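Shown next, in structure tokens, is the structure this report addresses.
Computed from a predicted model, the values in this text were never measured in an experiment.
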Amino acid sequence: CLEGATFNFDLSECTVDNFIAALQTKMTTIGACAGKDAWREMLSLIDGQSDSDVRDRIEGICAAAYTSETVEFDTLLDKEKQFVEEFFDGGNKWNYEVDEAAGPNLAKDASRITSVDSKFAGDTMLPFPDVHNFEGCELRAAMCCYVAARDVDYEPEDNSDACYMDFSKS
């Protein structure tokens with residue numbers, strides 16, 4: 001029933017299950033598809049032989065949707081790979097610099113972060129940097145923690161409890 005049909009839908013996260021659920025909902029608006037199973041119709045549409053064919057095709061569609069909007073992390077920061085590695089290791093000037101009168105200016109030196117946030121973060125997939133810290137990181141999530149204020153006129157954010165880590169247990 002999907003042959004020749006055109007449609008689109010938005011997904012909060014493109015997964016096989018979300019795709020099939022959205023397709024099933026969309027099929028209720030296509031007369032010939034009402035009451036039919038979305039998975040079986042996808043199998044027929046792609047001329048697949050097995051469930052893995054459908055899964056592979058949907059995963060490819062999802063990957064393609066994200067691929068065109070991905071920008072490499074090093075390019076985003078406009079820094080060399082070594083700088084990015086040192087930042088995530090906690091050992092470069094962006095980690096230690098503190099704004100002081102007539103001294104270093106972190107707001108200026110790291111202004112690229114604000115630019116990236118305003119230009120890309122709302123609608124672009126920001127990839128994890130290619131650094132050793134994230135090898136094997138299945139959750140693909142990270143949190144930055146700072147134990148002191150970066151501006152001498154302000155108190156630090158109260159995130160030290162959330163950022164405490166016993167490295168002997170990691």
Show me, pair by pair, the donor-acceptor contacts under 3.5 angstrom made by side chains of residues 85-92, not counting sequence neighbours?
residue	atom	partner	partner atom	Å
Glu85	OE2	Lys81	NZ	3.3
Glu86	OE2	Gln82	NE2	2.9
Asp89	OD1	His132	NE2	3.0
Asp89	OD1	Asn133	ND2	3.2
Asp89	OD2	His132	NE2	3.3
Asn92	OD1	Trp94	N	2.8
Asn92	ND2	Phe83	O	3.0

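Rounded to the nearest 0.5 angstrom, Glu13 CD and Cys62 SG are separated by 9.0 Å. For the atom pair OG1 (Thr28) and CG (Leu23), the distance works out to 10.0 Å, reported to the nearest 0.5 Å. Atom-to-atom distance recorded for Arg40:CZ and Leu45:CG is 16.0 Å, nearest 0.5 angstrom.
Under the rule for a side chain to side chain contact (heavy atoms under 4.5 Å, CB included), the partners of Ile30 that lie at least two apart in sequence or sit in another chain are Leu2, Ala5, Phe7, Cys33.
Between Cys1 and Ala32, the shortest heavy-atom contact is CB-O, 3.5 Å. When every heavy atom of Ile58 is checked against every heavy atom of Met42, the shortest pair comes out as CG1-CE, 4.1 Å. Of all heavy-atom pairs spanning Glu41 and Met27, the tightest one is CG-CE, 3.7 Å. Considering all non-hydrogen atoms of both residues, Ser50 and Leu43 come closest at O-CD1, 3.3 Å. Of all heavy-atom pairs between Leu77 and Arg112, the closest is O-CG, 3.5 Å.
The main-chain N or O of Phe19 is never found under 3.5 Å from a side-chain atom of Gln24 such that the two would form a donor-acceptor pair.
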